[in-house]
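Each remark here refers to the structure printed beneath this line.
For this chain, numbers begin at 1 and follow the sequence in order. Just so we're clear, the structure is a prediction, and the values are computed from it rather than from any experiment.
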Amino acid sequence: MAARRSSAPAEVTERELVITRVFDAPRPLVFKAWIEPERIKEWWGPRGFTTLSCEMDLRPGGAWRTRSRAPEGTELAEHGVFREIVEPERLVFTQAWEHADGTPKHETLVTVTFVEQRGKTLLTFHQGVFESITSRDEHEGGWSSVFELLDEYLAKV
């Protein structure tokens with residue numbers, strides 16, 4: 001199933017992104033794919049990117065950071081802080097890309113919910129508030145690719 005922006009509920013602004021997707025895997029496995037660094041390294045990042053490292057302090061207030069390499073060789077890093085972890089139902093964390101000197105770019109808040117649906121998992125991804133609609137749209141393309149890779153990873157395990 002392709003990722004899509006859902007019908008925007010009234011409370012979602014134009015600088016927020018909501019993607020829903022059903023994964024053909026049980027909820028505990030999908031949740032683990034989001035919280036275990038060795039699993040994340042298998043699917044995180046748009047297609048063509050390689051996740052070089054993933055560090056997580058999985059607790060409210062704990063930090064996370066990934067470092068990736070783009071197909072042309074550029075290295076990128078992003079980081080954030082976990083705000084809420086309700087296994088296997090919900091993750092809330094901040095996310096910010098880093099400038100080359102390690103300083104953070106614009107920070108967004110990500111909420112991911114996982115709902116069991118007869119052996120499959122309905123994932124709802126919400127991120128915002130972006131600096132612009134252009135930034136939101138760029139992230140939508142990136143996350144859609146990421147979710148395709150997650151789907152492929154879940155089919156293998």
Side-chain angles (χ1 to χ4, degrees), residues 1-37 39-49 51 54 56-68 70 76-98 104-155 157:
M1 172 186 240
R4 65 174 174 78
R5 191 175 320 136
S6 70
S7 299
E11 65 273 4
V12 176
T13 71
E14 63 185 11
R15 290 189 298 134
E16 295 176 87
L17 174 64
V18 178
I19 299 173
T20 58
R21 186 171 175 129
V22 176
F23 291 95
D24 190 11
R27 180 169 68 166
L29 177 59
V30 178
F31 191 85
K32 284 181 181 178
W34 282 79
I35 64 168
E36 295 180 358
R39 293 180 188 266
I40 289 171
K41 288 167 66 176
E42 298 293 321
W43 62 271
W44 191 264
R47 190 173 298 281
F49 282 63
T51 301
C54 177
M56 290 189 153
D57 180 8
L58 190 66
R59 60 181 175 83
W64 66 271
R65 184 171 191 266
T66 65
R67 204 168 47 81
S68 304
L76 306 166
E78 60 184 316
H79 69 269
V81 173
F82 290 103
R83 297 257 179 100
E84 185 180 347
I85 302 159
V86 181
E87 190 170 351
E89 299 172 10
R90 181 178 162 93
L91 284 175
V92 181
F93 56 89
T94 61
Q95 185 271 338
W97 289 100
E98 297 177 4
K105 295 182 179 180
H106 179 76
E107 183 178 88
T108 59
L109 184 65
V110 175
T111 300
V112 187
T113 58
F114 307 81
V115 175
E116 180 74 32
Q117 288 190 332
R118 290 175 277 174
K120 297 183 179 188
T121 303
L122 170 64
L123 182 139
T124 301
F125 175 90
H126 177 269
Q127 185 174 17
V129 174
F130 291 98
E131 292 179 294
S132 67
I133 294 171
T134 300
S135 179
R136 179 207 62 199
D137 291 347
E138 290 169 352
H139 279 79
E140 181 177 21
W143 281 113
S144 294
S145 177
V146 168
F147 293 149
E148 289 172 11
L149 294 171
L150 176 58
D151 205 22
E152 293 169 14
Y153 168 74
L154 292 168
V157 294

**Prompt:** Considering the options Arg67, Arg65, Lys105, which one meets the side chain to side chain donor-acceptor pair (under 3.5 Å) requirement together with Glu98?
**Reply:** Arg65

**Prompt:** Which heavy-atom pair separates Gln117 from Val22 by the least distance, and what is that distance?
**Reply:** OE1-CG2, 4.0 Å

**Message:** So, applying side chain to side chain donor-acceptor pair (under 3.5 Å) with Gln95, which one of Gln127, Glu107, His79, His106 is it?
**Reply:** Gln127

**Asked** Should Glu78 and Trp44 be marked as a side-chain contact (heavy atoms from CB on, under 4.5 Å) after you check the CA-CA gap, both sets of side-chain angles, and the distance that decides it?
**Response** CA-CA 11 Å; Glu78 60 184 316; Trp44 191 264; 2.8 Å; yes

**Message:** Quick check: closest heavy atoms across Ile40 and Ile35, and the distance to 0.1 Å?
**Reply:** CD1-N, 4.2 Å

**Asked** What are the two closest heavy atoms between Leu149 and Pro46, and how far apart are they?
**Response** CD1-C, 3.8 Å

**Item:** Distance, nearest 0.5 Å, that separates OG of Ser132 from CD of Glu14
**Value:** 10.0 Å

**Fill in**
When rounded to the nearest 0.5 Å, the distance separating OG1 of Thr66 from CE of Met56 is 8.5 Å

**Complete:** Between Arg90 and Thr113, the two heavy atoms sitting closest are NH1-CG2, 4.0 Å

**Exercise: identify the closest heavy-atom pair between Ala25 and Thr121** = O-OG1, 2.7 Å

**Message:** Can you tell me which residue among Phe147, Trp34, Phe23, Phe49 is in a ring-ring contact (aromatic ring centres under 6.0 Å, His included) with Trp43?
**Reply:** Trp34

**Request:** Would you check if Glu148 and Arg21 make a side-chain contact, meaning some heavy-atom pair closer than 4.5 Å?
**Result:** yes

**Asked** What distance separates Leu91 CG from Leu58 CG, expressed to the nearest 0.5 Å?
**Response** 7.5 Å

**Message:** Using the salt bridge (Lys or Arg N to Asp or Glu O under 4.0 Å) criterion, which residues pair with Asp24? Sequence neighbours excluded.
**Reply:** none

**Request:** Any chance you could measure Trp143, atom CH2, to Phe125, atom CZ, to the nearest 0.5 Å?
**Result:** 4.0 Å

**Item:** Separation between CD of Glu87 and CZ of Phe114, rounded to the nearest 0.5 Å
**Value:** 10.0 Å

**Message:** When you measure from the side chain of Thr94 to the backbone of Val81, do you find a donor-acceptor pair of N or O atoms at a distance under 3.5 Å?
**Reply:** yes

**Request:** Could you grab the distance from atom SG of Cys54 to atom CD of Glu36, nearest 0.5 Å is fine?
**Result:** 10.5 Å

**Item:** Nearest atoms (heavy-atom pairs only) where Ser135 meets Phe130
**Value:** OG-CD2, 3.6 Å

**Prompt:** So, does Glu116 use its side chain to make a donor-acceptor pair with the main chain of Gly119 at under 3.5 Å?
**Reply:** yes

